[in-house]
Amino acid sequence: MGLVEDFQEHANKAKTLPPSTKDADKLILYGLYKQAMVGNVNTDRPRMLSPTDRAKWDAWKAVEGKTKEQAMTEYIAKVKELLGQSAK
């Protein structure tokens with residue numbers, strides 16, 4: 001299985017993470033997913049009145065500069081880590 005297929009499979013698995021998954025971990029996944037799919041941040045930072053949108057933007061900005069392949073690889077590893085934690 002290639003990297004893109006593996007990434008897509010783990011993106012689907014990420015949807016099955018338990019509700020107890022920490023917001024910080026969800027934000028890491030969000031940032032890596034956006035970096036893999038879109039590339040570097042291409043929007044302005046949301047206003048203070050949108051704390052959720054700001055947190056998502058900040059998570060994406062935190063991984064700026066990673067290649068598509070790096071972001072996909074780190075995303076897969078994070079999903080595996082979180083799924084392993086939820087199995088305990």
Side-chain angles (χ1 to χ4, degrees):
M1 179 181 302
L3 179 60
V4 173
E5 293 82 10
D6 201 21
F7 174 76
Q8 290 170 339
E9 178 184 328
H10 282 82
N12 286 330
K13 287 181 179 182
K15 295 174 186 173
T16 68
L17 289 169
S20 61
T21 303
K22 295 177 185 171
D23 287 342
D25 289 326
K26 291 177 187 176
L27 286 170
I28 290 169
L29 289 177
Y30 178 85
L32 290 169
Y33 185 87
K34 290 290 281 189
Q35 187 67 21
M37 298 305 294
V38 179
N40 290 335
V41 173
N42 58 5
T43 62
D44 292 332
R45 190 171 191 224
R47 298 176 46 185
M48 292 288 281
L49 300 175
S50 305
T52 301
D53 292 338
R54 279 177 75 93
K56 287 177 164 183
W57 190 92
D58 290 344
W60 184 11
K61 183 74 172 174
V63 294
E64 189 171 51
K66 291 186 185 292
T67 66
K68 179 177 184 168
E69 292 76 17
Q70 286 174 313
M72 286 183 173
T73 301
E74 289 181 28
Y75 181 91
I76 292 165
K78 187 66 175 176
V79 171
K80 286 180 180 179
E81 173 192 328
L82 293 172
L83 288 172
Q85 287 175 1
S86 69
K88 294 179 182 176

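Shortest non-hydrogen contact noted between A71 and A36 is CB-N, 3.7 Å. Closest of all the heavy-atom pairs between Y75 and A11 is OH-CA, 3.5 Å.
Here the CE-CG distance, from M72 to L3, works out to 5.5 Å after rounding to the nearest 0.5 Å.
Partners of A55 by side-chain contact (heavy atoms from CB on, under 4.5 Å), not counting sequence neighbours, listed by chain and number: L27. The salt bridge (Lys or Arg N to Asp or Glu O under 4.0 Å) test applied to D23 returns no partner, not counting sequence neighbours. For T21, the side-chain contact (heavy atoms from CB on, under 4.5 Å) test picks out L17, P18, D25, K26, L82, with sequence neighbours left out. Residues passing the side-chain contact (heavy atoms from CB on, under 4.5 Å) test with K13, sequence neighbours excluded: E9, H10, V79, L83. For R54, the salt bridge (Lys or Arg N to Asp or Glu O under 4.0 Å) criterion is met by no residue, not counting sequence neighbours.
With hydrophobic clusters built from ILVMFWY side chains whose heavy atoms lie under 4.5 angstrom apart, V38 does not share a cluster with Y30.
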Working for side chain to side chain contact (heavy atoms under 4.5 Å, CB included), residues K66 and L32: CA-CA 9 Å; K66 291 186 185 292; L32 290 169; 4.3 Å; yes

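Ring geometry for Y33 against F7 counts as parallel: the plane angle stays under 30°, on a 0 to 90° scale with 60° as the upper cut.
Residue pairs meeting the side chain to side chain donor-acceptor pair (under 3.5 Å) criterion with at least one partner in residues 34-48, sequence neighbours excluded, are Q35-N40, Q35-W60, T43-W57, R45-D58.
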